[in-house]
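Report on one structure; see the data block that follows.
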2 protein chains.
Amino acid sequence: MSDATAQSKNGRLRGRAASVGLTKERIVDVAIAQIDEKGLHAFSMRELARALGVSPNNIYWHVGGTKEDLFGEIAARFTAAVSQSLPRDKPWQDRLRTVFLSYRDAVSDHANVAPLLGAQLKSNGVANLALVEAVLTALHDAGYRGSALRDAFNALIGGLCGFVTMEFAPAPDDKANEWEALFARRVAEIDADRFPFTHAVLPDFMNRIFVLRWENGKHVSYASSFDFLLDLLIEGLSARAPRQSPNP
Amino acid sequence: MSDATAQSKNGRLRGRAASVGLTKERIVDVAIAQIDEKGLHAFSMRELARALGVSPNNIYWHVGGTKEDLFGEIAARFTAAVSQSLPRDKPWQDRLRTVFLSYRDAVSDHANVAPLLGAQLKSNGVANLALVEAVLTALHDAGYRGSALRDAFNALIGGLCGFVTMEFAPAPDDKANEWEALFARRVAEIDADRFPFTHAVLPDFMNRIFVLRWENGKHVSYASSFDFLLDLLIEGLSARAPRQSPNP
DNA sequence: TCAGTTATAGAACACTGTGCAATTGAAAGA
DNA sequence: TCTTTCAATTGCACAGTGTTCTATAACTGA
């Protein structure tokens with residue numbers, strides 16, 4: 001009652017007296033760290049608040065809006081890092097390769113955040129302007145215009161970013177550990193009559209086939225498949241390029 | 001007390017007396033219908049139970065396990081429909097085209113289920129054997145073996161299914177309506193110095209650029225971009241095919 | 001001095017997925 | 001026929017969740 005600074009039951013101050021200098025940056029930092037560590041599935045606003053030593057509402061106040069908005073902020077953090085302006089004098093093929101390889105690298109460093117990035121890229125793509133700019137310019141330099149430019153752009157973003165999103169999609173929770181056994185059981189169950197080829201081929205050498213496997217809960221690398229896809233697309237775009245006009 | 005068949009407070013019977021003949025099939029039916037109607041975000045076990053006129057636990061009993069398992073059942077429903085065995089005498093290029101176009105069609109009929117399918121395809125891909133078998137056989141016929149087969153397979157599944165997953169990713173909840181305005185605002189905010197090309201090009205003709213837009217909360221079609229991507233991949237695979245051996 | 005703003009906490013609301021225990025008719029075994 | 005087991009269902013409760021509304025108190029500017 002006579003205290004100069006009132007305190008709440010658990011001893012924590014309220015109001016501006018309690019200010020800990022929380023910032024959007026720090027929130028996003030810790031959020032990413034938490035997702036990296038425990039996975040997107042286990043991430044919650046309350047847990048984040050706990051880790052920050054702060055009440056949940058404080059986060060809402062700084063981020064403004066909803067959990068989804070926080071996800072947007074997280075995604076923006078990545079998009080910024082993806083591509084610093086690339087030298088325009090390099091061939092457009094090289095520029096495309098660099099951009100998408102660096103996108104994959106950025107995602108691969110924070111695999112648990114991947115699903116979030118995919119969703120945000122779709123719904124909030126305009127925010128990812130570095131990526132958009134780089135790809136559009138490269139395709140323009142390749143001679144693509146109008147609807148052909150649109151389709152080429154979509155094919156690249158959808159195909160490559162889609163690949164990455166799937167590549168780093170999380171294992172279904174607890175099953176990560178028993179994955180190897182699960183895989184073996186599934187393969188053994190394959191109906192040899194209906195799926196003769198899969199039955200014959202899968203068990204032998206397909207231990208790195210896409211979409212099928214984790215190792216000890218960690219992702220195996222599909223880097224070579226990504227490279228292959230990237231090459232395929234860039235070669236295809238070269239072959240179909242309406243005209244070669246390096247200086248538009 | 002003296003009732004032959006006891007009743008619970010709200011008048012509903014318990015135990016086998018109350019059996020409504022619930023089946024996994026009906027659960028999955030109604031679940032898909034609900035997701036179609038209200039979106040994946042608004043889907044919950046309790047809501048599903050309400051729609052089925054049944055207690056939530058009853059669903060758990062039939063599906064066994066968790067919500068994630070139910071999602072698995074839902075995904076399986078789609079995978080089954082994707083590709084009935086294709087005539088082996090058609091060229092492998094045609095077969096690939098058919099398979100992936102039919103995959104996109106199946107997903108497009110239930111756009112709200114799309115995110116779920118993407119995740120399940122990754123974590124539970126072995127279940128989707130019709131798709132796997134068709135793609136593997138086609139690539140084998142094209143002459144791909146070993147690690148080249150693996151990379152080609154991964155590139156196709158990752159690129160095309162990834163595209164579809166992104167294509168049908170949901171708009172961020174309530175923002176679907178104000179999307180057009182949001183898009184316009186974002187475009188207007190583009191920094192012309194840092195992103196000159198995007199700034200110049202985007203507002204004009206990019207109203208169907210991937211990743212950027214809905215119309216009245218419904219998805220616009222990216223079909224032509226998907227076709228383009230499909231063509232690019234198949235042409236690329238043809239050009240690189242180790243050898244042409246139609247009859248292995 | 002005094003209202004307004006900024007940055008914090010607390011409590012509460014309406015949910016969620018899911019586990020445990022009870023209930024019942026029917027089927028199976030003795 | 002009597003008893004045990006099983007199949008299919010409900011109710012209740014637990015431990016959360018995102019989010020909103022309200023209180024608090026120091027700073028800020030007039």
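Residue numbers begin at 1 in each chain, while the letters A, B, ... track the order of the sequences.
Rounded to an integer number of Å, the gap from A:Trp61 CH2 to D:dA26 C1' is 13 Å. Atom CZ of B:Phe43 is separated from atom P of D:dT17 by 21 Å (rounded to the nearest Å). Counting to the nearest Å, the P atom of D:dC21 and the CG atom of A:Asn58 are 18 Å from each other. Taking atom CG on B:Leu52 and atom P on D:dA8, their separation rounds to 16 Å, with Å as the unit. Between the C1' atom of D:dT17 and the CG atom of A:Leu70 lies a distance of 15 Å, rounded to the nearest Å. Atom pair B:Leu48:CG and C:dT16:P shows a separation of 11 Å (rounding to whole Å applied). Taking atom OH of A:Tyr60 as the reference point, atom P of D:dT22 lies 18 Å away to the nearest angstrom. If you measure from atom CE of A:Met45 to atom P of D:dG16, you get 18 Å, rounded to the nearest angstrom.
Position along DNA chain C of the nearest nucleotide to B:Ala42 versus B:Gly65 favours B:Ala42 as the more 5'-ward residue. Mapping B:Thr23 and A:Arg46 onto DNA chain D by nearest heavy atom places B:Thr23 closer to the 5' end of the strand.
Here the nucleotide nearest the side chain of B:Asn57, chosen from C:dT8, D:dT10, D:dT17, is D:dT10. Taking every side-chain heavy atom of B:Leu22 into account, D:dT9 is the closest of C:dT8, D:dT9, C:dG17.
Side-chain nitrogen and oxygen atoms of B:Ser44 include at least one within less than 4.0 Å of the OP1 or OP2 phosphate oxygen of C:dT16. Between A:His62 and C:dT6 there is no side-chain N or O to OP1 or OP2 distance below 4.0 Å. At the phosphate of D:dT17, OP1 or OP2 sits under 4.0 Å from a side-chain N or O atom of A:Arg50.
Two residues are said to be in side-chain contact when any heavy atoms from C-beta on lie closer than 4.5 Å; A:Phe226 and B:Asn154 fail this criterion.
Separation of atoms CG (A:Leu160) and CZ (B:Phe163) is listed at 11.5 Å; rounding is to 0.5 Å.
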Checklist entry - Does the pair A:Thr165 and B:Thr165 meet the rule for a side-chain contact (heavy atoms from CB on, under 4.5 Å), with working shown? => result CA-CA 9 Å; A:Thr165 302; B:Thr165 302; 5.9 Å; no

Checklist entry - Given the rule in the side-chain contact (heavy atoms from CB on, under 4.5 Å) test, do A:Arg77 and A:Asp29 qualify, once you have shown the distances and angles that lead to the verdict? => result CA-CA 9 Å; A:Arg77 177 71 63 89; A:Asp29 284 346; 2.7 Å; yes

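Panel note: side chain B:Asn112, backbone B:Ile35; a donor-acceptor pair is recorded below 3.5 Å.
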